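From a predicted model like this one, the values you see are computed outputs, not experimental measurements.
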Amino acid sequence: MVRDKKTWYLCDPAKNKGCEKTFCVHNPNARRQICDSTSNIEYAKLDDMENPIISKEEQLQLAEILKVSKPTIRKGVRNVKTKTGLL
């Protein structure tokens, strides 16, 4: 099965209200602080010219680390299913 390549952006956690931040680097109580990315451009951090910031190559491997399955849409918010639950 070939998956479409996603573009990952640095996440602005203040914009990403639907995320539970279970793995968020900005959450001091996270189980593991490994996530700082989003595939939803609406939640991306912006640079000085108001353009979304694309994640570094190492951050693109987050989906592989978490063994991400197909994303689901719930109430307009994109959730990513992992073996441990929603991200």
Side-chain angles (χ1 to χ4, degrees):
M1 174 191 307
V2 178
R3 293 186 184 182
D4 293 337
K5 184 176 178 178
K6 285 188 179 185
T7 301
W8 291 88
Y9 305 93
L10 288 181
C11 182
D12 182 341
K15 292 179 186 176
N16 198 349
K17 303 286 186 195
C19 177
E20 294 180 14
K21 298 171 181 56
T22 306
F23 297 100
C24 182
V25 297
H26 303 286
N27 178 2
N29 299 316
R31 284 190 243 164
R32 291 179 61 202
Q33 293 178 312
I34 59 173
C35 183
D36 66 354
S37 303
T38 179
S39 61
N40 189 329
I41 197 167
E42 293 176 38
Y43 304 142
K45 282 187 180 180
L46 303 177
D47 63 17
D48 294 339
M49 296 179 65
E50 300 295 313
N51 295 311
I53 301 171
I54 297 175
S55 291
K56 296 176 188 172
E57 183 65 28
E58 303 86 44
Q59 295 162 338
L60 294 174
Q61 296 176 9
L62 175 65
E64 190 61 34
I65 292 169
L66 295 176
K67 302 198 184 323
V68 173
S69 64
K70 286 186 174 182
T72 59
I73 303 293
R74 184 177 69 197
K75 296 183 183 176
V77 176
R78 180 172 289 257
N79 295 300
V80 179
K81 289 183 180 177
T82 68
K83 287 187 174 182
T84 59
L86 291 177
L87 172 65

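- Listed by chain and residue number, Val25, Ala30 satisfy the side chain to side chain contact (heavy atoms under 4.5 Å, CB included) test with Gln33 (two or more places apart in sequence, or in another chain).
- In this structure, CZ in Phe23 is found 14.0 Å from CG in Asp36, a value given to the nearest 0.5 Å.
- Considering all non-hydrogen atoms of both residues, Thr38 and Ala44 come closest at CG2-N, 4.2 Å.
- Every residue meeting the side chain to side chain contact (heavy atoms under 4.5 Å, CB included) condition with Pro13, not counting sequence neighbours, appears here in chain and number order: Lys21, His26.
- Annotation: the span from Asp12 atom CG to Leu46 atom CG amounts to 7.5 Å, rounded to 0.5 Å.
- Checked against side chain to side chain contact (heavy atoms under 4.5 Å, CB included), Asn51 has the following partners two or more places apart in sequence or in another chain: Asp47, Met49.
- Atom OH of Tyr9 and atom NZ of Lys45 lie 16.0 Å apart (nearest 0.5 Å).
- Shown here for Cys35 and Ser37, the closest heavy-atom pair between the two residues is SG-O, 3.5 Å.
- Between atom CG of residue Asn40 and atom SG of residue Cys19 there is a gap of 11.0 Å, rounded to the nearest 0.5 Å.
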